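So the structure is just underneath, and the comments pick up after that.
From a predicted model like this one, the values you see are computed outputs, not experimental measurements.
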Amino acid sequence: MTLKDKVIVITGASSGMGAATTKLAVEQGAKVVIGARNNEKLSALKQSTSHPENVVTKVTDVYKLAQVEALVKTAVDEFGKLDIIYNNAGIMPQDTIADSDPNSWQQMVDTNIIGVLNGIKASLPYMHKQGYGLIMATDSVAGHVLYPGSATYNGTKFAVRAIMEGLRQEEHGNGIKTGIVSPGAVNTNLFDSVGNKDIEAGLRKMAEDKNMALSPEDVANAAIFMMSQPQTVDVNEIIVRPTGQSI
């Protein structure tokens, strides 16, 4: 299977896993509408793809439903349909609950949970009308396994996993597929959102070992695999870890 002529919306697309997935999807013939808050990065990504003419950019804050709805509508207006939405935007503050900044809790809820719900809400009307579609989200190993110093982040990722399974149960009869990609440690600028400098330094040092951290392209390959399945096959969860990761 390929993604030729598929229309895909990707949030959090300006860097990291979202950017890598965008490039691979375009290489496979997809038409991709990408959203993020940084317009310069979106424009640079568009030009770096193999077919810039098949990429449309739109500045989007996933916490704001109206902006996500506008992003999805852009895909339908430009390309006539919506085959896939990949809710990829996320942040990863890390600290104990006692030491963490309460502002980071709200930011994680807004981006990691509300952002996914907004992507679902914006895309369902089009997919209901079409009678098909795939709704995806980037989850995390942290949505399957708990570990200290990450309880709040774990909570947001467990929530995404629950939301996406609930969505599957609600929408499978409407021809709508769902899936999460749950990576382990990935060497991306997501480290910039960690907050705790000691934890961030430890993660960056770990990522120097390729056995301990995936590349964005590794995760993109998993996402593309999920996207490439026929309508009769629904891959609901992919967990992908670097070989050396223990949890």
Side-chain angles (χ1 to χ4, degrees), residues 10-12 16-18 20-21 62 84-97 100 104-105 107-117 119-120 134-172 176-191 193-196 199-200 202-203 206-207 209-229 233-247:
I10 301 177
T11 67
M17 297 176 288
T21 304
V62 296
I84 301 165
I85 183 168
Y86 184 19
N87 298 292
N88 170 70
I91 58 174
M92 190 181 70
Q94 301 280 288
D95 213 333
T96 64
I97 294 174
S100 59
S104 74
W105 308 342
Q107 290 166 3
M108 275 190 282
V109 169
D110 290 348
T111 303
N112 297 357
I113 300 176
I114 301 301
V116 170
L117 286 168
I120 294 168
L134 169 60
I135 299 175
M136 294 172 55
T138 297
D139 200 66
S140 172
V141 167
H144 301 256
V145 180
L146 288 162
Y147 48 91
S150 189
T152 309
Y153 178 68
N154 286 137
T156 66
K157 290 304 185 178
F158 268 76
V160 169
R161 187 175 163 208
I163 288 165
M164 293 300 289
E165 171 57 16
L167 180 67
R168 184 194 70 79
Q169 294 183 23
E170 291 174 0
E171 296 293 343
H172 70 90
I176 297 171
K177 306 193 299 181
T178 69
I180 58 172
V181 179
S182 296
V186 187
N187 190 2
T188 72
N189 63 354
L190 197 61
F191 291 155
S193 68
V194 167
N196 182 302
I199 294 176
E200 180 184 347
L203 289 170
M206 175 193 67
D209 182 349
K210 291 184 179 180
N211 286 319
M212 294 299 295
L214 301 166
S215 71
E217 290 73 24
D218 293 328
V219 183
N221 283 330
I224 295 295
F225 174 81
M226 184 176 284
M227 293 176 182
S228 301
Q229 300 307 304
V233 177
D234 190 5
V235 178
N236 303 124
E237 295 187 3
I238 296 177
I239 301 178
V240 53
R241 292 178 172 93
T243 303
Q245 183 170 326
S246 59
I247 61 170

Hey, could you give me the [atom1]/[atom2] distance between [X] and [Y], rounded to the nearest 0.5 Å?
| X | Y | atom1 | atom2 | result |
| --- | --- | --- | --- | --- |
| K177 | M227 | NZ | CE | 11.0 Å |
| M136 | T11 | CE | OG1 | 10.5 Å |
| D218 | N187 | CG | CG | 10.5 Å |
| I114 | Q107 | CD1 | CD | 14.0 Å |
| I176 | R168 | CD1 | CZ | 13.5 Å |
| I120 | E170 | CD1 | CD | 9.0 Å |

Ignoring hydrogens, what is the shortest heavy-atom contact between [X] and [Y]? Give both atom names and the distance.
| X | Y | answer |
| --- | --- | --- |
| G119 | I85 | O-CD1, 3.6 Å |
| A142 | Y153 | CB-CE2, 3.6 Å |
| V186 | P216 | CG1-N, 4.0 Å |
| I97 | W105 | O-CZ2, 4.0 Å |
| S150 | Q94 | OG-NE2, 3.1 Å |

Non-hydrogen side-chain atoms of [X] and [Y] separated by less than 4.5 Å:
| X | Y | value |
| --- | --- | --- |
| M226 | I180 | no |
| V181 | M17 | no |
| M164 | D139 | no |
| L134 | Q229 | no |
| P242 | N211 | no |

Could you tell me which residues satisfy side-chain hydrogen bond (donor to acceptor under 3.5 Å, both in side chains) with [X], sequence neighbours excluded, listed by chain and number?
| X | value |
| --- | --- |
| N112 | T156 |
| N221 | none |
| Q245 | none |
| T152 | none |

All pairs passing side chain to side chain donor-acceptor pair (under 3.5 Å) where residues 84-93 contributes a residue, at least two apart =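 Sorted result for residues 84-93: Y86-T138, N88-T138.
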Got a sec, which pairs hit salt bridge (Lys or Arg N to Asp or Glu O under 4.0 Å) with one end in residues 236-247, sequence neighbours left out?
->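 Sorted pair list: R161-E237.
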Which is it for T178 and E171 under the side chain to side chain contact (heavy atoms under 4.5 Å, CB included) test, yes or no, and what are the steps along the way?
-> CA-CA 9 Å; T178 69; E171 296 293 343; 5.5 Å; no
